[in-house]
Amino acid sequence: MDTKIMNEIGSISINEEVIAMIAGAAANEAYGIVGMAAQTTKNGITSILRIENLSKGVKVSLENDEIIIDLYVIIQFGTKISVVAKNTIDKVKYNVETQTGLKVSKVNLNIEGIKVQS
């Protein structure tokens with residue numbers, strides 16, 4: 001699915017995968033986030049995705065010309081979840097809106113696990 005932006009010169013198509021990569025990279029840089037997680041499997045096992053697979057931890061959907069982003073993350077043990085969530089959501093929303101020019105209506109953060117750093 002591509003998202004189109006129309007202007008007086010023509011149109012710009014942005015692939016959903018590009019939006020997912022921007023969101024995944026922004027989330028991965030946020031304080032307290034250890035990494036992106038693949039959406040939970042039936043057996044409940046979650047793994048941290050490598051940098052080249054960040055978009056697999058992100059689901060992007062379009063509703064009324066606005067983007068809804070679902071993030072699946074693993075957070076660092078000992079961090080305050082509410083602070084990590086707010087910072088991550090703000091960072092992802094800002095980065096996607098600034099880099100694409102599209103409006104993000106929601107960013108849903110799904111915490112798939114907690115990792116103890118050694």
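Here the structure is a predicted model, which is why all the values come from computation and not from measurement. The figures that follow rest on heavy atoms only: side chains count, while hydrogens, waters and symmetry mates do not. Numbering of residues begins at 1 and proceeds along the displayed sequence.
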Asker: Does some side-chain heavy atom of Ile22 sit less than 4.5 Å from a side-chain heavy atom of Thr100?
Answerer: yes
Asker: Let's go through Asp70 and Asn110 carefully: what are the C-alpha distance in whole Å and the side-chain angles of both, what is the deciding distance for side-chain contact (heavy atoms from CB on, under 4.5 Å) to 0.1 Å, and is it a yes or a no?
Answerer: CA-CA 7 Å; Asp70 292 299; Asn110 301 286; 4.1 Å; yes
Asker: On a heavy-atom basis, which atom in Gly35 and which in Asn28 lie closest, and how many Å separate them?
Answerer: CA-OD1, 3.3 Å
Asker: In Å and rounded to the nearest 0.5 Å, what is the OG to CD distance from Ser61 to Glu66?
Answerer: 11.5 Å
Asker: For residues Ala23 and Val58, report the shortest heavy-atom separation together with the two atoms involved.
Answerer: CB-CG1, 4.1 Å
Asker: So how far is it from Lys115 NZ to Gln76 CD, rounded to the nearest 0.5 Å?
Answerer: 10.0 Å
Asker: What distance do Lys91 atom NZ and Tyr31 atom OH have between them, rounded to the nearest 0.5 Å?
Answerer: 13.5 Å
Asker: Can you tell which of Ile81, Thr88, Ile74, Ile33 makes a side-chain contact (heavy atoms from CB on, under 4.5 Å) with Ile111?
Answerer: Ile81
Asker: In sequence, state the C-alpha distance, the side-chain angles, and the governing distance for Leu71 and Val107, and then conclude on side-chain contact (heavy atoms from CB on, under 4.5 Å).
Answerer: CA-CA 7 Å; Leu71 299 168; Val107 178; 3.8 Å; yes
Asker: Determine whether Val60 and Ile68 make a side-chain contact, defined as any pair of heavy atoms from C-beta on separated by less than 4.5 Å.
Answerer: no
Asker: Contact between Asn108 and Ile69 at the side-chain level, heavy atoms closer than 4.5 Å - yes or no?
Answerer: no
Asker: Nearest 0.5 Å, please: how far is CD1 in Ile67 from NZ in Lys93?
Answerer: 11.0 Å
Asker: Consider side-chain contact (heavy atoms from CB on, under 4.5 Å). Of Asp90, Val83, Ile89, which one does Lys86 pass it with?
Answerer: Asp90
Asker: For the CD1 atom of Ile19 and the CG atom of Asn95, what is their distance to the nearest 0.5 Å?
Answerer: 13.0 Å
Asker: If Ile, Leu, Val, Met, Phe, Trp and Tyr residues are connected whenever their side-chain heavy atoms lie under 4.5 Å apart, and connections chain through other members, are Leu109 and Phe77 in the same group?
Answerer: yes
Asker: Atom CG in Asn15, atom CE in Met21: separation rounded to 0.5 Å?
Answerer: 11.5 Å
Asker: Could you walk me through whether Ile75 and Val34 satisfy the side-chain contact (heavy atoms from CB on, under 4.5 Å) test, starting with their C-alpha distance in whole Å, then the side-chain angles of each, then the deciding distance to 0.1 Å, before giving a yes or no?
Answerer: CA-CA 5 Å; Ile75 65 168; Val34 175; 5.7 Å; no
